[in-house]
Protein chains: 2
Amino acid sequence: MQYPASWLQGASLGEKIACELRLKIVSGTIKPNTILSENQIADEFGTSRSPVREALKTLFTEGLIRLERMGAVVLGLTSKDIEEIYDVRFFIETFILERLSKVQHENLVTALNQIIDKMEMAAKHHDFIEFAYQDLHFHEIMILEGDHTRILHLWNNIRHIVLAALLVATEKRFTAETHEIKPLIDKHRLIVSALVLNDSSYMKQVIQKHFEDTRHTVNNTVLTHKVHEK
Amino acid sequence: MQYPASWLQGASLGEKIACELRLKIVSGTIKPNTILSENQIADEFGTSRSPVREALKTLFTEGLIRLERMGAVVLGLTSKDIEEIYDVRFFIETFILERLSKVQHENLVTALNQIIDKMEMAAKHHDFIEFAYQDLHFHEIMILEGDHTRILHLWNNIRHIVLAALLVATEKRFTAETHEIKPLIDKHRLIVSALVLNDSSYMKQVIQKHFEDTRHTVNNTVLTHKVHEK
DNA sequence: GAGGATAATGTTGTATACAAGTACACAATA
DNA sequence: TATTGTGTACTTGTATACAACATTATCCTC
């Protein structure tokens, strides 16, 4: 599985390398405990060590690798990691929705509905990359609307990981024809409807359910994917 | 105000530069909207651009600067930022305490009490640096005990900022002789007692109160400090 | 053959060099 | 005067070079 080239338009070599490595780590192509050296990666990508250093630092702050004196150790995503990421996502979104409930958010609702339309369109065309991207986008514009710089930073810290995991999981869902796509879209609709009703406890409940389900799916797909690649 | 040299033992130039710059930004010595160039900083510190780049990337992921094409723009800590950081700290600690309540934590309690003793000692010797460090340490070992990798990452993302803010605020508190030190120590004792009682709703309440008070103090000290330096 | 000194290799951290692009001043021109 | 073109200085992104240290292999000694 390759990182979509169009998403890397205008990105520096360092960012590109980070994205490629991240996807390989999340998808399990690069397995945990693998030791990455800057020279080796620089050779693989045909670049110098400078952008590689930048990429490794990025992956380190995301918690995907551990920087040691000699080499970077790949940590990867364990089942526990995925649970934990959803803990954080749950917090972020409930916090943000709580905030949004105190504020005008009509524009947001229409924007979210537009995104859901795009998701349906992507599903129809079996474009899992677009679907995953819109899925991410849905949650992201909600967070952006929350206007909380620090929460946004938390999100940015896990954003790329979530995107990579969504890519892997969505591809799996699409190819497996498990017919989980429609329910997934419906769940997003439910979030919007909760936002319209402006009932914060209902929002929390919907979000909780959404992440509970998604977590299980992602957990299964990402982890079984890892086994496949073994 | 200088970053304590002993804390930089064994750190790379990049980390040292990051720490020095961070403190200057948080304390307001470097004011918001200042534009930092890699060359300029490299000259100031007498190093090459390589470690400076590393430092700037660190400060960027911490949200203290914004990396643009020409130069890095200093963002600094506004009053809103401080509020937001305490939102995150409140979430982290309530989440962690909720987890700890389901688990044996006698060792943690004794460790926390030891730290409070060190805080009292530091207060007696008017050692505000040690006091600030132990204050940070108190919260940190609680978070570590929570055994939640992703939350720990959130913490690591704000840890250095919190430390810098604590340094500035604690110095102010000590020199102003505002007699706020004893109540502050007592608040930490209260957290420990809540932990001992193992009543999670009480914990939440205590933490909320703790951060509410501390937020106000830090907000005042850090921001007035900025005005002073103007 | 076993163990230890030692050389070779590989690693990171830092410095320097170069290339591509941007902003800005300044002059020439309409 | 306003505008446009140009040169210059500065910026980042990347490549390369070097130093200090860690690891590993080798060879020598026993």
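So that the names make sense, note that chain A is the first sequence line, chain B the second, and so on, each numbered from 1.
Protein atom CZ of A/Arg53 is 14 Å distant from nucleotide atom P of D/dA15, rounded to whole Å. Atom CD of A/Glu68 is separated from atom P of C/dT12 by 11 Å (rounded to the nearest Å). Rounded to whole Å, atom P of D/dT23 lies 11 Å from atom CD1 of A/Ile35. Rounded to a whole Å, the CG atom of A/Asp43 is 12 Å from the C1' atom of C/dG10. The distance from atom CZ of B/Phe60 to atom C1' of D/dT12 is 15 Å, rounded to the nearest whole Å. Look at CE on A/Met70: it is 13 Å from P on D/dC21, rounded to the nearest Å. Atom CZ of B/Phe45 and atom P of C/dA15 are 13 Å apart (whole Å). A/Leu13 has its CG atom 13 Å from the C1' atom of D/dT12, to the nearest Å.
Nucleic acid contact class of A/Ser12 (heavy atoms, under 4.0 Å, all strands): sugar-phosphate only. Across all strands, B/Arg49 comes closer than 4.0 Å to base atoms (heavy-atom distances).
With D/dT12, C/dT12, C/dA15 as the candidates, the nucleotide lying closest to the side chain of A/Glu38 is C/dT12. Taking every side-chain heavy atom of B/Glu54 into account, C/dT14 is the closest of D/dT16, C/dT14, D/dT12.
Counting heavy-atom neighbours within 6.0 Å of A/Glu106 CD, excluding the residue itself, gives a total of 12 or less.
For B/Asn39, a side-chain nitrogen or oxygen approaches OP1 or OP2 of D/dT11 to under 4.0 Å. In this structure, B/Ser48 does not reach the C/dT16 phosphate: none of its side-chain N or O atoms is under 4.0 Å from OP1 or OP2.
Comparing A/Ser50 and A/Arg69 along DNA chain D, the residue whose closest nucleotide (by nearest heavy atom) sits nearer the 5' end is A/Ser50. When each of B/Leu36 and A/Gly46 is assigned the nucleotide of DNA chain D with its nearest heavy atom, B/Leu36 is the one assigned upstream, toward the 5' end.
Without hydrogens or angle criteria, B/Thr34 side chain to B/Ile30 main chain gives no donor-acceptor distance under 3.5 Å.
For B/His105 against B/Leu100, the heavy-atom pair with the smallest separation is ND1-O, 2.9 Å.
Summarising the geometry, atom CG belonging to B/Leu13 is positioned 11.0 Å from atom CD belonging to B/Glu20; distances are rounded to the nearest 0.5 Å.
In this structure, B/His153 has its ring center at least 6.0 angstrom away from the ring center of B/His148.
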